[in-house]
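Everything on this sheet refers to the single structure shown next.
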Amino acid sequence: MSDIPKAYEPGKIEKKWYDFWLKQGYFTPKIDPNKKPFVIIMPLPNVTGELHMGHVCFLTPEDIMTRWHRMKGEPALWLPGIDHAGIAAQVVMEQQLAKEGIDRHQLGREKFQERMYQWAEECHKTITEQEQRVGSSCDWSRERFTLDEGPSRAVRTAFVRLYEKGLIYRGERIINWCPRCQTALSDLEVDHKDIAGHLYYVKYPLAENNGFITVATTRPETILGDTAVAVNPKDKRFKARLGRKVVLPAVKRVIPIIADEAVDPDFGTGAVKITPAHDPVDFEVAQRQGLTLVNILNPDVTMNENAGKYVGLDRFACRKAILADLEKDGLLLKVEPYIHSVGHCMRCQTIVEPIASKQWFVSVAPLAKPAIEAVTDGRITIIPSRFTKVYLNWMENIRDWCISRQLWWGHRIPVWYCHACGKLAVMVDEPSVCTHCGSKQTVQDPDVLDTWFSSALWTHSTLGWPDDTADLRYFYPGSVMETGYDILFFWVARMIMMGLEDTGEIPFHTVYLHGLLRDETGEKMSKLRRNVINPVEAISKYGVDALRFALTTGTSPGNDINLGKSKLESSRNFVNKLWNATRFILQSLNSEQLEAQVTEHPSRWVLGPQTIEDQWIDGQLNKLVKIVTELMEDFQFGEAAQQIYDFVWSKFCDWYIEIAKIRLRSQLTPSPLPFLANTLEVSLRLLHPFMPFVTEELWQSLKQHLPDKGQMPASIMIAPYPFADDKAFAPEAERVMDSAIEIIRSIRNVRAQYNVKPSKWIEAQVYTGELLSSLITQANIIETLAKVRPLTILGRQKREPTKDKALVLVLKETEVVLPLAGMMDRLAEEQRLVKESEEIKGRIAQLDARLRDNAFLSKAPSKVIEREKQKLAMLEDKLKRLLQELSQLNSSSADS
Ligand SMILES: [Zn+2]
Ligand SMILES: [Zn+2]
C-alpha cells in the first residue's frame, strides 16, 4: 500500500498539486442560482516588479477564506487582477529609461506606451507565477488588467456619467505638483514630513510713507507671487493699516492690506502674505476677496516670467537669491529656526509645490453621503471595527478629488476639445467629428486619470459593468474586500462610493483589513534595516505551507503581522509533525484492515467499539471543529490556525497517538485505528485552507486506506469542511483523560526534577474518588507513559499514612504518592545539588562584589543597578531552596 517518504520535501509536491487543481477546474466557480456565492475581488498587485512579502500577506487570508467557503459548498469566486499602477509604474520606467540615457519625451508617447505594455506583460507573468506558487486558488479564467478593453470602457462610462451629473468638473484649484513626475497629485499621494527649516520675517515697505508691515514665511521665493497682505479683522494692532498698500520687495509690485477671518493672529506677526497661486488657504482667501492669481513657477519649478529678475532660477536657488537681496536692502528682520510639515511626492519623494492649476476634479461630497450611510446603517461592516471611525471621519471631511494626471501611462481622459468652436465633448467613444459644429479638428485631452479612478470601479468593472452580464448579476455585490488598512481611503472608500454610484448597490458586505508586515521585534520591514524576508527564499527554505501558516498564526484583523525566522521554523516543525504523524498512521493502516462504517453524518465515518481515549479524542476533535468554525466566521483566522495547531500537536500527536501506540503494540481491542484515521482525516480538512499543499498530499495517501474511498471527492480542496457533532463532546471521557494526563505530566515533572533516568521505573500510588473505576482503565497508559511500576490506583479511603519518605502530588481529582527511596540515585543527586549550589554561590559572590563597587554604582544607570539587585535576590532565593533540598535529602537518607 501507499507509503509516504520519510522526510517532507515541499518542493516536490507543491507544483504537482497546483497543476492538478488547475487542470480539474476547481478554481472556476459555477453559477448556481440556488446557492449564494462567496466573492472576493483580489486587491490589485502593481505591475512594478515582483512578488514581495506584502503580497503573500493578503494572498494568504484571501485564499484561506476562498478555500474555506469552497469547501462549505458555496460557489467561491476569487477574481485576480493586475493594476497598471499609473504613476508608480511610470516612475519605474522613467528610471529605466534614464539608465539608457533617454527620457520619455525623446521616446514619444506611443513608443513609451509600447515599452510600458511590454514591461507590464513581463511583470504580469512573474506576479502570476508567484501568486500561483503560494497556492492562490483564484479563478484565472476571469483575470482582468485595468487597461483591458472591458475595464477601460467602464472607466470612460463612469467618467461620462459623473460628468453629466455635474459630479466631474474641470477647474482651477491648488493641486500638489511633483516637479520630478511633472504631474498633479491627489492629497492622498503626498507624504507629509516634518522638516527643520526657517521662518523668515520680511519687512514690506508701506507705499504711502516710511512705515513697514512685517510678515513671516517659510518660503520667501513665493513673495514674488503675493497679491495681498492679510490680517485678522479683529486684530486691533493693524486697524490703522487696513486698506493701505505695500510695495512688494524684489518685484516692487503694489499690493493691498486686507482683512480676512482665515488669518491666525498668533502666527508670526499677525500679518500674513497672500500667495493665491501657491497656497491652498491663500487660494480660498483670493476667491473670497477677488484677488488675482500670480503663478511664478514653470512646471519644472524654475521661476517663470512673473518672477522678474529671478526668471529661470530653480525654486531653491531663487530662495537664496531673494534672501540675499532682502538682507542687502535691510528688509530681512529676523530668521528663526522652524520645524514645519512639507509635502513630498509619495512615489519619488521630491518636495511637491502647491500650484494653482486647471485640472479635472470629482466632486466627492455627494458620493460620500450614501457611502457613509452604507457603513452607519450596517450594510457594510468594517473589521476590525475601530477603523469604522477612521473611515467615517475621513468621509465626512472629504475634499474634491483631483483625478487628472499629466502622465502617459493610464486611461486617457475621455474628453475631446474642438479647435474650430472651442467646445468640448465628454464621450465614452471617440467622436469622429465635433458634436457641436461638425469640425474634424478635435483633439483628446492629453492627460490620464488617477490610477485609483479605475481601481474604484474594480468590484464591478471586472464583472462586466456597464453591461448587464450573468457574472455581474450573480457575483455582485461581493462578499469580502480584504486589504491593508493603509489603502482604506485610496481604495476601499472610493470603491464603496463608486460601487453605489454605478450600480446602486454596495460593492461588498465586509471590509477585512489586515495589518502591515513587521519583523520579529516589531520593526517595519525595510531594505535599510536588512530585515526583509524574501518570499521566494522563504518558500524554498520552509515550504509554502509553513510560510502561509507563519503569516496566519498569532495575527488578528487590523493588527500588524510579525514575521521572523523562529516563526517560520516553528511552522515548518508543525508541518513535519503532521507529516510524521500521518506516516505513522499510514504504516499502521498497512498492517490492518480498517473496519468502519459511515454514519449518517457526512463529516464523521467512525462507528464501533470505543475506549475512553477514543471518546475523548473524538470529543476534543468535534469541539475543535466547533471553535474553528466560529472563529472563521468571525474572521479570526490566526486564532483558528492556533487552535488547530494546539489540537494536532499536543492532544492528537503527543497524547492520543502515543496512547494508540501502546494499544497497537499490545494488540488490544478495540483497535485505535479508526479513530487515528478519522482524527487525521478531519484535521487535514480543517487545515486545508491554511496549508493547502501538504494537506492534499497527505489526504490523498490516507484516502487509499479509508473504507469509503469510493465515495470520497477527488481532492481535499472540494471535500466538505468539517462540521461539529455536539453529541460527540463526551464530557465524562474528557474528565477522565484530563486527570490521567495531569497524573502523567506531574510524574514526568518530578522525574525531571529529580534527574531520574528515563529507563528507570519508579513506584507510584494514585488515590482518587469518583474517577476510580475509569482511571483504572487508564492504568496501562499511565504506567507506560509515566514509567511507573508498580502502579496502584485506589480509592481515597484506602490511603494509609506513608512510613517512608515520599512525595505527595496534590492534583485536581487525585493525589499521587511517589516513594522517594526508589526514585533516585542518592549519591548522584547529592553531588548534583552540591555542584549546583557551589555554582550559585560563585555567582552570588561576583554580583555582591559588583554591587559594592562604588565606581560601578556611580556610573551605571539606576535601571541597571536595580536589575542587578533583582538578579542577586533571585540567586539567593534559589540557593536557599537548593540547600533545603540538600538537607532534606540527607535527613531522608538518615531515616531509611
Ligand atoms: Zn514625484
Ligand atoms: Zn466644434
Side-chain angles (χ1 to χ4, degrees), residues 46-49 83-99 102-105 107 109 112 116 119 160 163-164 170 173-193 195 219 278 280 297-302 314-316 341-357 359 401-410 413-453 486-487 490:
N46 289 349
V47 289
T48 50
D83 190 13
H84 65 284
I87 185 167
Q90 179 158 333
V91 168
V92 176
M93 179 55 75
E94 281 171 354
Q95 284 162 352
Q96 254 183 48
L97 291 179
K99 278 187 203 147
I102 43 174
D103 69 30
R104 65 174 157 122
H105 299 280
L107 210 58
R109 188 163 187 151
F112 181 81
M116 288 295 301
W119 177 64
V160 172
Y163 178 81
E164 283 168 356
R170 189 167 186 240
R173 297 277 181 283
I174 295 280
I175 47 88
N176 307 285
W177 181 261
C178 174
R180 200 227 60 89
C181 297
Q182 299 258 317
T183 180
L185 302 171
S186 71
D187 295 337
L188 281 177
E189 290 167 301
V190 176
D191 290 336
H192 289 277
K193 295 182 197 168
I195 297 267
R219 297 181 296 158
H278 299 284
L297 291 170
N298 291 313
D300 62 356
V301 294
T302 56
D314 172 75
R315 55 180 164 168
F316 297 126
S341 167
V342 178
H344 291 68
C345 168
M346 198 179 152
R347 294 297 165 193
C348 73
Q349 294 307 317
T350 306
I351 293 181
V352 298
E353 281 297 329
I355 294 182
S357 165
Q359 303 284 347
W401 173 17
C402 173
I403 49 169
S404 44
R405 297 288 178 278
Q406 289 63 54
L407 302 171
W408 285 355
W409 180 236
I413 292 179
V415 174
W416 285 264
Y417 304 97
C418 173
H419 284 317
C421 71
K423 289 182 177 159
L424 57 78
V426 180
M427 310 187 74
V428 175
D429 297 307
E430 180 165 10
S432 51
V433 293
C434 171
T435 48
H436 306 285
C437 72
S439 159
K440 284 191 172 157
Q441 282 182 288
T442 59
V443 56
Q444 190 173 4
D445 193 301
D447 291 352
V448 301
L449 287 164
D450 181 3
T451 197
W452 295 101
F453 190 86
D486 53 332
I487 54 173
F490 273 116

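All values below were derived from every heavy atom in this structure, side-chain atoms included, with hydrogens, water molecules and symmetry-related copies excluded. Only a predicted model underlies this, so the values are computations on that prediction, with no experimental measurement involved. Just so you know, ligand 1 is whichever comes first in the structure, and atom 1 is the first atom listed for that ligand.
Counting heavy atoms of neighbouring residues, nucleotides and ligands inside a 6.0 Å radius, atom NZ of Lys193 exceeds 12 of them.
Trp452 has its side chain out of reach of Leu188: every pair of non-hydrogen atoms, C-beta onward, lies at least 4.5 Å apart.
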Evaluate the criterion salt bridge (charged side-chain N to carboxylate O under 4.0 Å, His left out) for residue pair Glu94 and Arg104; output intermediate values, then yes/no. CA-CA 7 Å; Glu94 281 171 354; Arg104 65 174 157 122; 2.8 Å; yes
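Rounded to 10°, the angle formed at the Zn ion (ligand 2) by Cys418 SG and Cys434 SG is 110°. The SG atom of Cys348 and the SG atom of Cys181 subtend an angle of 110° at the Zn ion (ligand 1), given to the nearest 10 degrees.
The backbone N or O of Asp314 sits nowhere less than 3.5 Å from a side-chain atom of Thr302 that would complete a donor-acceptor pair.
Coordination check, His436 versus the Zn ion (ligand 2): failed, since every N/O/S atom of the residue sits at 2.8 Å or beyond.
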